[in-house]
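Inspection log for the structure reproduced underneath, given as structure tokens.
Heavy atoms only: backbone and side chains are in, while hydrogens, waters and symmetry mates are out.
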Amino acid sequence: MPAYYQWNGDDLLLDLYVQPNAKKDELTGEYNDRLKVRITAPPVDNRANKHLLKYLAQAFGVSASRVELLKGENQRIKRVKIISPTKLPGLIKAAN
């Protein structure tokens, strides 16, 4: 299992490296033991964090209220929790 995610029961914990101001929103793969996420929003007035959580909710098939930013509010390195994701991108394996 890659180092950038772990399961806590039905919840998924992700360690991210976030690149704001990208041309498109995407999960790009592993980067320094973290999952790299590119988002189009700028890192101004908390817009990047809001956009990130909304994008992750869509990518994992949950409502935005089921994605929580745990660490890294003002940094590119972040930790998020996704409560009971209903779909998994190819970079993430299901819990056993």
Side-chain angles (χ1 to χ4, degrees):
M1 176 166 55
Y4 55 78
Y5 73 90
Q6 74 181 68
W7 288 95
N8 184 11
D10 290 337
D11 301 338
L12 181 62
L13 300 173
L14 293 171
D15 292 320
L16 305 175
Y17 177 84
V18 179
Q19 177 188 337
N21 286 327
K23 291 185 182 194
K24 66 179 184 174
D25 297 329
E26 63 183 336
L27 301 171
T28 63
E30 192 168 349
Y31 178 81
N32 289 339
D33 292 331
R34 299 185 177 282
L35 178 60
K36 186 172 182 178
V37 182
R38 292 182 179 143
I39 57 170
T40 56
V44 178
D45 297 331
N46 207 29
R47 282 192 272 174
N49 285 335
K50 289 177 185 175
H51 187 84
L52 171 68
L53 298 181
K54 190 176 185 181
Y55 171 68
L56 291 174
Q58 179 184 4
F60 287 89
V62 297
S63 65
S65 64
R66 291 175 43 190
V67 181
E68 300 174 15
L69 179 61
L70 302 177
K71 288 173 65 175
E73 186 173 329
N74 297 315
Q75 302 171 5
R76 287 181 180 228
I77 295 173
K78 301 181 183 298
R79 184 167 185 113
V80 298
K81 177 167 87 171
I82 301 171
I83 300 169
S84 300
T86 61
K87 67 179 183 179
L88 298 174
L91 301 165
I92 309 292
K93 302 266 192 262
N96 293 332

Exercise. To the nearest 0.5 Å, what is the distance between CD (Q6) and CZ (R79)?
Worked result: 5.0 Å

Exercise. What is the distance from atom CZ of R38 to atom OH of Y17, rounded to the nearest 0.5 Å?
Worked result: 10.5 Å

Exercise: identify the closest heavy-atom pair between [X] and [Y]:
X	Y	value
N49	E73	ND2-O, 2.7 Å
P2	E30	CB-OE1, 4.3 Å
Y31	K36	CB-CB, 3.9 Å
A41	A48	CB-CA, 3.9 Å
K78	G72	NZ-O, 2.6 Å

Exercise. Under 3.5 Å, is there a donor-acceptor pair linking the side chains of D11 and N8?
Worked result: no

Do side-chain atoms of [X] reach the backbone of [Y] as a donor and acceptor pair under 3.5 angstrom?
X	Y	value
D25	T40	yes
D33	A3	no
Y4	I92	no

Exercise. Would you find more than 12 non-hydrogen atoms of other residues, nucleotides or ligands less than 6.0 Å from E68 atom CD?
Worked result: yes

For this session: Assess whether atom NZ of K54 is packed by more than 12 heavy atoms of other residues, nucleotides or ligands within 6.0 Å.
Result: no

For this session: Would you sort out whether L16 and L52 count as a side-chain contact (heavy atoms from CB on, under 4.5 Å), showing the intermediate values?
Result: CA-CA 10 Å; L16 305 175; L52 171 68; 4.2 Å; yes

Exercise. In the single-linkage hydrophobic clustering (I, L, V, M, F, W, Y; side-chain heavy atoms under 4.5 Å), do W7 and I82 co-cluster?
Worked result: yes

Problem set entry | L88 reachable from L35 in the ILVMFWY side-chain graph, under 4.5 Å edges | yes

For this session: Could you walk me through whether Y5 and L12 pass the side-chain contact (heavy atoms from CB on, under 4.5 Å) test, one step at a time?
Result: CA-CA 7 Å; Y5 73 90; L12 181 62; 3.8 Å; yes

Problem set entry | From CA spacing to verdict: side-chain contact (heavy atoms from CB on, under 4.5 Å), I83, V62 | CA-CA 8 Å; I83 300 169; V62 297; over 6 Å; no

With side chains defined as the heavy atoms from C-beta onward, is the minimum distance between [X] and [Y] less than 4.5 Å?
X	Y	answer
V67	F60	no
R66	P85	no
L91	T28	no

